[in-house]
Chemist: 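Dropping the structure in here first, questions after.
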Amino acid sequence: GLCEKPEVVYVEEMANGPDIRLTIFCDREDRGKIIGRKGATIQAIRLIFYAISALDGRRVEISISENNP
């Protein structure tokens, strides 16, 4: 719902022991929408994942990257 081109959005997960790194790939024009005003949207996404991962004792890192054409 956030993106103009949701068909190009995908999430890549990389595990490093108990820790997890999630990278959100999106279109260049949608990157700002995922970040949100003053970073509010990405902070909300991170907060949800941090809360879930804390129950398992894991650490989650979330980043955003643009899809390469």
Side-chain angles (χ1 to χ4, degrees):
L2 290 174
C3 301
E4 294 292 321
K5 298 180 182 177
E7 65 277 1
V8 299
V9 176
Y10 66 96
V11 178
E12 183 178 276
E13 177 183 344
M14 292 179 56
N16 184 12
D19 299 336
I20 299 171
R21 179 180 182 148
L22 299 175
T23 304
I24 302 170
F25 290 91
C26 63
D27 187 69
R28 168 181 271 165
E29 295 174 6
D30 289 331
R31 189 170 187 227
K33 293 177 182 177
I34 293 174
I35 294 171
R37 189 170 292 203
K38 296 185 181 180
T41 305
I42 192 63
Q43 278 304 111
I45 293 169
R46 286 181 173 140
L47 180 64
I48 291 167
F49 278 95
Y50 293 161
I52 293 169
S53 65
L55 297 174
D56 294 342
R58 296 178 166 191
R59 215 176 72 186
V60 175
E61 180 183 329
I62 300 174
S63 61
I64 302 170
S65 184
E66 296 172 8
N67 287 347
N68 293 328

Chemist: Is the shortest heavy-atom distance from the side chain of L22 to the side chain of V60 under 4.5 Å?
Modeler: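 Yes - at least one pair of side-chain heavy atoms lies under 4.5 Å apart.
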Chemist: Restricting to side chain to side chain donor-acceptor pair (under 3.5 Å), what partner residues turn up for R59, sequence neighbours left out?
Modeler: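 For R59 there are no side chain to side chain donor-acceptor pair (under 3.5 Å) partners, ignoring immediate neighbours.
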Chemist: With sequence neighbours left out, write down each residue that passes salt bridge (Lys or Arg N to Asp or Glu O under 4.0 Å) with E4, or none if nothing qualifies.
Modeler: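 For E4, the residues satisfying salt bridge (Lys or Arg N to Asp or Glu O under 4.0 Å) (neighbours in sequence not counted) are K33.
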Chemist: In this structure, would I48 and L55 fall into the same cluster of hydrophobic residues linked by side-chain contacts under 4.5 Å?
Modeler: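 No, I48 and L55 fall in different hydrophobic clusters.
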Chemist: Please report the closest heavy-atom contact between E12 and F25, naming both atoms and the distance.
Modeler: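 Scanning both residues, the minimum pair turns out to be CB-CE1, 3.7 Å.
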Chemist: With a 6.0 Å cut-off (strictly less than), is the heavy-atom count around CZ of F49, excluding the residue itself, greater than 12?
Modeler: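 Incorrect, the count does not exceed 12.
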Chemist: Quick one: does L2's side chain get under 4.5 Å of T41's, heavy atoms only?
Modeler: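 Contact flag for L2/T41 side chains = yes.
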Chemist: Atom CZ in R28, atom CD in E66: separation rounded to 0.5 Å?
Modeler: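 Answer rounded to 0.5 Å: 4.5 Å.
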Chemist: If we only count heavy atoms from C-beta on, is the I64 to I35 side-chain gap below 4.5 Å?
Modeler: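 Yes, at least one pair of side-chain atoms sits under 4.5 Å.
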Chemist: Name all pairs fulfilling the side chain to side chain donor-acceptor pair (under 3.5 Å) condition that reach into residues 46-56, sequence neighbours left out, sorted by first residue then second.
Modeler: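 Matches after skipping sequence neighbours: Q43-R46.
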Chemist: In the single-linkage hydrophobic clustering (I, L, V, M, F, W, Y; side-chain heavy atoms under 4.5 Å), do V11 and I34 co-cluster?
Modeler: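 Yes; I34 is reachable from V11 via cluster members.
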Chemist: Less than 4.5 Å apart, any side-chain heavy atom of I24 and any of I62?
Modeler: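 They are in contact (side-chain heavy atoms under 4.5 Å apart), so the answer is yes.
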Chemist: Would you say that E61 contacts D19 through its side chain, given a criterion of any heavy-atom pair below 4.5 Å between the two side chains?
Modeler: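 Not touching, per the 4.5 Å side-chain cut-off.
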Chemist: Atom OG in S65, atom CZ in R31: separation rounded to 0.5 Å?
Modeler: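 Rounded to the nearest 0.5 Å, the OG-CZ separation comes to 7.0 Å.
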Chemist: With N67, which of D30, D27, V9, V8 fulfils side chain to side chain contact (heavy atoms under 4.5 Å, CB included)?
Modeler: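 With N67 as partner, D30, D27, V9, V8 yield a single side chain to side chain contact (heavy atoms under 4.5 Å, CB included), made by V8.
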